[in-house]
Amino acid sequence: MGECDSMRESMPLLLTESLDAASRERTHLHIESCDVCHDEWSAYRDTWRMMDELSEVDVPARVKQQFLARIDPAQAAPVRNNVVPFHRRSAARWLAQAAAVVIVAGGAFYAGHQVQQQRPPLPVQAFREPARVTGVTNIQPAKFSLAETRVLGTDALSPNIEGRPNIDNVQFVDSDPSDGTIGLAFDMTSHVTVTGSPKDKSMVRLLSYVLERQDNISPSRSQAIDWVRQMYANQNAEPEIATALAKVLRSEEHEGVRIQAVDTLKTLPGKTASSTRDALIDALKSDPNPAVRLKAIEALIKMASNGEQLDDEAVNTLRKKAGEEAENLYVRVKAAEALSKIRP
Amino acid sequence: MNRIARFTVAAILLGLPVILTAADFTLGAAQVWQKEYPFDANGSLWVENPNGAVEVIGADQNVISISAEKITRGLDEASVEEGREQTALYVAGDSRNRSVRTVVPSIRSGRWSSAVNYVLRVPRGATVKIDSGSADRIRVTNLTGGVSVRNINGPILLEGDSGPVSVDSVNGTIVYTPSGAPSADVKLSTINGHIQIYVEPEARFQWVAEALKGDLLTNLPMHGRLAGSGYRGVLNGGGPTLTTATAMGNVFLIRKGARITDARSVRALESGGPPAAALLSRDIYIPNVDGNFEYQTNIGNIRVPEVHGDARVETAAGEVHLGRIFGSATVRSGGGPLELGDIFGVISAYTKAGDILVQAARAGGEVSTDGGIIRVIYAGGTSRLHSGGGDIIVRQASGPIFADTRSGDVTINVDATLRTTAVNAKTNQGSIVLNVSPKFAADVDITILTSDPDAHTLRTDFPGLQVRRELAGNRTRVRATGKINGGGEKVELYAEEGVILFTANPARPVRLAQP
């Protein structure tokens with residue numbers, strides 16, 4: 001846990017971009033590999049963002065007094081390590097945010113020491129403690145994150161089990177019989193419905209992840225992609241969705257799915273990413289299904305019509321297709337049409 | 001002529017001659033650079049110029065004279081200066097092989113553009129290779145050595161050359177006027193441009209020509225034969241080969257001194273009359289046809305909103321849009337999407353590549369694509385749907401359906417009012433969804449062949465089917481058979497590597513327009 005403590009101390013500095021490059025990289029690597037710190041970091045980041053959105057209010061003197069009265073100087077000392085300089089912000093906001101961070105971090109530290117010395121302060125607990133402070137009463141709990149594996153303390157688990165979730169592969173773990181704790185590991189299947197704006201980053205990420213996965217979309221990936229096409233056809237392009245579809249176009253064996261993927265790429269508005277363009281060119285070069293090649297050309301035509309530059313590889317591929325006797329005649333004609341859109 | 005290298009800034013005319021080719025670029029600068037280098041009589045010259053004209057002139061000299069005019073345009077003086085700095089001219093090589101190149105960064109500011117116009121005088125016997133992007137024109141004259149040109153935009157003019165020629169353009173028109181009779185092989189190719197060749201009437205050569213969408217025209221007494229969109233003929237007994245190919249344009253082979261308008265289609269020459277309509281390329285739009293409609297074209301899009309009779313349409317490549325057809329509809333396309341509206345008679349539609357959409361196949365029929373998605377909103381009679389790769393979707397089947405795809409999903413909603421109808425759906429890679437009324441009666445035979453039996457399952461709202469699992473090689477075959485609601489017409493569903501959903505959740509009915 002020594003490393004986790006150190007990393008947690010670095011988080012405020014990371015938040016304010018005050019860490020040097022090496023420390024920043026080290027901290028990020030740790031956060032990515034440690035679930036608990038990842039949650040902690042997410043909570044920090046969300047708190048920071050929320051505070052930025054909150055109206056600026058002074059911390060009431062009474063609250064400040066009460067808080068300081070509850071901690072003695074010895075306990076407060078480590079908290080000071082978490083206080084970081086806030087550059088380039090207006091004085092009022094700087095004060096409000098600094099005070100709030102001190103309160104959150106101090107509260108977390110205090111709660112951690114008072115309640116359970118061994119356990120890292122969970123972000124939700126940290127928020128609960130200073131909830132009496134007017135300025136941060138509406139802070140939300142840490143975001144639910146989809147994760148392949150997760151380690152939870154019993155205090156983070158509600159005693160109520162909702163419905164009858166499927167639990168498989170149960171294992172009892174007691175790595176240290178003398179520490180008074182036991183572990184229960186299992187795979188759980190529960191049905192989750194995520195609602196939100198199609199523009200929401202979390203929704204975009206989730207959809208991209210699902211599109212790239214090759215299994216268990218009901219009833220099929222093809223229909224899922226069709227649904228995405230209808231959803232995003234009239235909105236600003238989401239690069240992550242396009243990237244996911246480009247991967248599908250490159251790697252999917254199922255021709256029907258590739259057709260849907262390229263059809264959707266064709267309809268997505270906005271500038272084409274290089275990865276998407278490369279996938280279209282590869283599809284045009286070598287996809288055995290003529291409909292995929294045809295739609296790849298149509299996507300390139302749309303690119304050129306929108307004033308996007310076709311690079312040398314795209315031009316050469318279209319050139320070759322237009323003159324390839326073995327190619328379907330209509331594909332050749334469309335390749336010629338795409339080339340005619342090239343402007344000096 | 002002074003052979004000592006000199007670098008002359010002839011004019012930096014910022015703000016004076018405002019050169020406006022791009023609306024945003026309001027300032028321009030021109031810089032002229034001239035130099036001479038020793039060059040062998042049969043040396044090789046390579047010119048690479050992404051933007052700007054190139055003129056190469058053969059002359060009696062043993063040097064290469066380079067004159068380059070660099071034109072930079074920008075939004076402001078700083079942009080013009082940046083463009084001027086980042087557009088570099090390089091001359092490399094020796095007297096045997098010389099290269100002249102314009103280099104601009106591939107990723108650069110959009111605040112400026114630049115072009116370099118070259119005039120190069122070389123020994124007549126030089127071999128010249130030009131690689132260009134966009135140019136006002138490329139002109140190569142009076143050379144006896146080989147000429148090779150490749151460009152994207154801009155016309156290419158070859159005049160008075162007598163050596164072998166190879167031209168490959170994307171959007172440029174090629175005009176070739178050899179010195180005397182062609183004495184070496186010539187290959188001219190463009191995708192969207194035309195090709196014009198002017199030769200002496202006594203010239204001897206063979207002509208191999210192809211025009212995918214356009215025509216091949218000449219006023220010379222050629223002897224040859226047509227093969228599809230190509231032609232092969234000889235003039236005065238033959239000689240070197242003149243190969244011409246254009247995808248979208250026309251090819252003209254014209255006697256020197258004659259007008260281009262005198263040329264006739266070789267198709268007409270071959271048939272002895274005007275070219276048959278079937279061989280012309282054109283896009284057609286006819287708003288309303290009384291009676292039957294029949295049309296053929298080699299390449300072209302066809303759009304006919306209404307036909308009060310049977311429609312029969314064929315295109316070698318192109319889109320077909322038919323609206324209301326009161327009779328049968330027969331459509332054949334060598335490639336291109338088909339969109340058929342409300343078809344009262346039997347449909348027979350096929351394309352080699354592309355999606356097919358049928359709004360209403362009231363009497364059913366056959367719909368097939370070698371690759372693409374088939375969507376049928378309403379299928380009245382018996383309908384057979386086939387895709388070589390792509391989904392098949394039937395919004396409402398009010399008659400028997402036979403659908404199969406090599407790779408794709410099959411989704412069929414059976415008319416909720418139908419008590420029973422035959423359904424046969426097959427996909428070699430994909431899933432099947434069949435929605436019917438809860439009262440639907442059928443003899444059911446469902447098969448899933450899968451390498452992942454946990455993921456690819458049968459889900460049905462109809463209890464009582466007998467399900468068996470067995471190994472089939474290294475895969476698992478899941479088969480469900482039985483009668484639902486007492487039995488009826490046969491429902492056969494077969495999916496490999498996909499799920500099958502057989503549900504009692506019919507979609508809302510499709511409303512058809514009154515005839």
Side-chain angles (χ1 to χ4, degrees), chain A residues 213-226 252-260 262-263 274 287-295 297-298 307 309-312 315-316 318-325 327-344, chain B residues 21 51 106 115 133-135 152-154 168 170-171 189 191-192 212-213 229 245 247-248 298-299 315-319 333-337 351-355 369-373 387-392 405-409 411 427 429-433 452 455 459 497-501:
Chain A
R213 298 270 297 174
Q214 297 198 349
D215 51 12
N216 287 345
I217 298 180
S218 179
S220 70
R221 293 179 82 201
S222 183
Q223 291 195 21
I225 293 172
D226 192 40
E252 175 61 51
E253 287 180 15
H254 189 324
E255 289 178 37
V257 176
R258 291 204 306 274
I259 290 175
Q260 289 287 4
V262 70
D263 215 15
S274 59
D287 199 293
N289 189 303
V292 175
R293 299 197 300 275
L294 191 54
K295 287 168 194 284
I297 290 182
E298 286 169 352
Q309 283 287 336
L310 295 179
D311 61 8
D312 286 349
V315 172
N316 288 334
L318 288 166
R319 206 170 184 154
K320 192 175 166 209
K321 281 290 160 189
E324 193 175 298
E325 285 187 22
E327 181 56 274
N328 180 276
L329 194 54
Y330 188 68
V331 174
R332 291 176 68 184
V333 170
K334 294 304 275 187
E337 185 186 332
L339 289 167
S340 72
K341 306 286 181 191
I342 300 172
R343 294 285 169 260
Chain B
T21 55
N51 197 13
S106 55
S134 294
I152 293 175
N153 289 317
D168 184 2
V170 172
N171 295 321
S189 167
I191 291 167
N192 290 304
L212 267 189
K213 188 172 183 181
S229 58
M248 299 291 109
N298 64 345
I299 299 175
T315 175
E319 301 168 20
S333 174
T351 179
K352 276 190 178 173
D355 298 346
T369 173
D370 286 355
I373 301 167
S387 175
D391 297 348
I392 297 175
T405 176
R406 197 166 55 79
S407 173
D409 297 342
T411 304
T427 172
Q429 191 175 37
S431 300
I432 295 174
V433 178
D452 186 358
R459 279 171 268 167
E497 306 303 336
V499 302
I500 292 182
L501 304 184

task = Heavy-atom distances under 4.5 Å only: say whether B:Glu319 touches chain A with side chain, backbone, both or neither.
result = both
task = With a 4.5 angstrom heavy-atom cut-off, could you sort out which part of A:Asn316 is near chain B: side chain, backbone, both or neither?
result = side chain
message = Looking at A:Pro288, is its backbone amide N or carbonyl O close enough to the side chain of A:Arg293 to form a donor-acceptor pair, meaning the two atoms are under 3.5 Å apart?
response = yes
Worked check of salt bridge (Lys or Arg N to Asp or Glu O under 4.0 Å) between A:Lys295 and A:Asp263 = CA-CA 6 Å; A:Lys295 287 168 194 284; A:Asp263 215 15; 3.3 Å; yes
key: B:Thr411 portion near chain A, given a 4.5 angstrom heavy-atom threshold   = side chain
key: Between B:Ala317, B:Ala247, B:Ser189, the one whose heavy-atom pairs under 4.5 Å with chain A are most numerous   = B:Ala317
ask   = Taking atom types as modelled and ignoring hydrogens, do the side chains of B:Asp409 and A:Gln223 form a donor-acceptor contact shorter than 3.5 angstrom?
value = no
ask   = Which residue out of A:Glu255, A:Arg258, A:Arg319 racks up the most heavy-atom pairs below 4.5 Å with chain B?
value = A:Arg319
request  = Go through the atoms of B:Asp168 and report whether side chain, backbone, both or neither lie under 4.5 Å from a heavy atom of chain A.
outcome  = both
Show the atom names and distances, to 0.1 Å, of all donor-acceptor pairs under 3.5 Å that link a side chain in residues 331-342 of chain A to residues at least two apart or in another chain.
residue	atom	partner	partner atom	Å
A:Arg332	NE	A:Ala322	O	3.0
A:Arg332	NE	A:Glu324	O	3.4
A:Arg332	NH2	A:Ala322	O	3.4
A:Lys334	NZ	A:Glu337	OE1	3.0
A:Ser340	OG	A:Glu337	O	2.6

note = Under 4.5 Å to a heavy atom of chain B? For A:Val292 that would be neither
query = Judged by atom type as modelled, is there a donor-acceptor pair below 3.5 Å linking the side chain of A:Asn289 to the main-chain atoms of B:Gly389?
reply = yes
message = Less than 4.5 Å apart, side chain to side chain, heavy atoms only: is that true for B:Arg406 and B:Thr427?
response = no
ask   = Out of B:Gly318, B:Gly498, B:Gly388, B:Ser333, which one racks up the most heavy-atom pairs below 4.5 Å with chain A?
value = B:Gly318
message = Is B:Val170 close to chain A through its backbone or its side chain, or both, or neither, when contacts mean heavy atoms under 4.5 Å?
response = both
remark   = Sequence neighbours excluded, the answer for side chain to side chain contact (heavy atoms under 4.5 Å, CB included) partners of B:Ala115 is B:Asn51
